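Computed from a predicted structure; not experimentally measured. Both backbone and side-chain heavy atoms feed into the values below; hydrogens, waters and symmetry mates do not.
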Amino acid sequence: MTETADRAANQALRHDLEDVYGRYEELRSGVDELQRSLATMQVSAESLDGAVHATVDADGHLVDLRLDQQACREWDAQTLARTIVETVQHASAGKHRQIEQLVTNHRPPEDDA
C-alpha cells in the first residue's frame with residue numbers, strides 16, 4: 001500500500017514539476033520576444049506642420065532626423081531648434097507608451113503570476 005501511495009505522490013510531483021517548467025518556458029519565451037522587440041524598437045514623431053520628423057530608439061537616442069528644406073530656409077535658428085526638441089520629446093513620449101504596452105502584453109495573467 002505504501003509503495004502505491006509513493007508512486008501516486010511521485011506522479012503528482014512529476015506532473016507539478018512539468019507544469020511549473022511549462023510556465024517557465026512560456027515566461028522565458030515572452031522575455032526573449034520582449035527583448036527582441038525592444039532591441040529593434042524605433043518610434044517617430046512629426047511636428048504639427050510636418051516640417052520636422054524625428055525617430056528615437058528604445059533608449060531614447062535620436063536615430064533619424066529629417067527637416068523640411070523650406071523650414072530650414074524660412075525659420076530662424078531658435079524656432080527650428082525649439083521645433084526639433086519638441087518633436088524629439090514627442091517621439092520619446094511615444095517610446096515610453098510603446099514600451100509600457102509591450103511590457104503589459106508580455107505580462108503573465110494574474111492567476112499564473
Side-chain angles (χ1 to χ4, degrees):
M1 184 78 162
T2 304
E3 193 173 315
T4 304
D6 287 346
R7 273 194 213 134
N10 285 342
Q11 192 91 0
L13 285 172
R14 189 174 297 122
H15 181 268
D16 288 347
L17 181 59
E18 288 171 1
D19 186 48
V20 168
Y21 186 73
R23 287 188 204 177
Y24 164 78
E25 285 295 318
E26 287 177 22
L27 288 172
R28 182 67 203 154
S29 176
V31 168
D32 290 343
E33 184 180 332
L34 180 60
Q35 288 175 329
R36 281 190 300 276
S37 295
L38 289 173
T40 60
M41 176 185 287
Q42 291 192 348
V43 180
S44 298
E46 193 171 82
S47 61
L48 292 176
D49 57 9
V52 177
H53 180 91
T55 302
V56 298
D57 64 14
D59 293 324
H61 298 127
L62 184 64
V63 296
D64 186 45
L65 178 65
R66 287 182 272 145
L67 307 173
D68 179 84
Q69 288 296 327
Q70 188 170 348
C72 290
R73 286 190 293 271
E74 294 178 4
W75 292 359
D76 62 63
Q78 285 181 322
T79 301
L80 183 58
R82 185 182 68 249
T83 304
I84 290 170
V85 169
E86 289 171 355
T87 306
V88 171
Q89 288 173 338
H90 289 312
S92 186
K95 170 207 58 133
H96 290 295
R97 286 189 299 273
Q98 194 167 340
I99 289 173
E100 286 175 10
Q101 187 64 44
L102 278 172
V103 170
T104 298
N105 290 344
H106 286 89
R107 194 172 286 153
E110 289 299 318
D111 56 287
D112 288 348

> Within the side chain of Thr104, is there an N or O that forms a donor-acceptor pair under 3.5 Å with the backbone of Glu100?
Replying inline: yes

> Looking at NZ of Lys95 and CG of Leu102, how far apart are the two atoms once the value is rounded to the nearest 0.5 Å?
Replying inline: 12.0 Å

> Counting N and O atoms only, with roles assigned by atom type, does the side chain of Asp59 sit under 3.5 Å from a partner on the main chain of His61, one being a donor and the other an acceptor?
Replying inline: no

>> Can you tell me how far apart CD (Glu46) and CZ (Arg66) are? Round to the nearest 0.5 Å.
In response: 8.0 Å

>> Let me confirm one number: the CD-CD distance from Gln42 to Gln98, rounded to the nearest 0.5 Å.
In response: 10.5 Å

> Should Asp32 and Arg36 count as an ion pair when the cut-off is N to O under 4.0 Å?
Replying inline: no

> Heavy-atom distance under 4.5 Å between the side chains of Leu48 and Thr83, does that happen here?
Replying inline: no

> Can you name the nearest heavy-atom pair linking Cys72 to Leu67, along with the distance?
Replying inline: SG-CB, 3.7 Å

> Is Val56 close to Val63 at the side-chain level, that is, under 4.5 Å between some pair of heavy atoms?
Replying inline: no

> Does the pair Arg14/Asp16 count as a salt bridge with the N-to-O cut at 4.0 Å?
Replying inline: no

>> Would you compute the distance between atom CH2 of Trp75 and atom CG of Asp68 and round it to the nearest 0.5 angstrom?
In response: 7.5 Å

>> With rounding to the nearest 0.5 angstrom, report the CZ to OG1 distance, Arg82 to Thr87.
In response: 10.5 Å

>> Tell me if the CD atom of Gln70 is crowded by more than 12 foreign heavy atoms within 6.0 Å.
In response: no

> Side chain of Thr55, backbone of Ser44: donor and acceptor closer than 3.5 Å?
Replying inline: no

> How many angstroms lie between atom CG of Asp57 and atom CG of Leu38, to the nearest 0.5 angstrom?
Replying inline: 10.5 Å

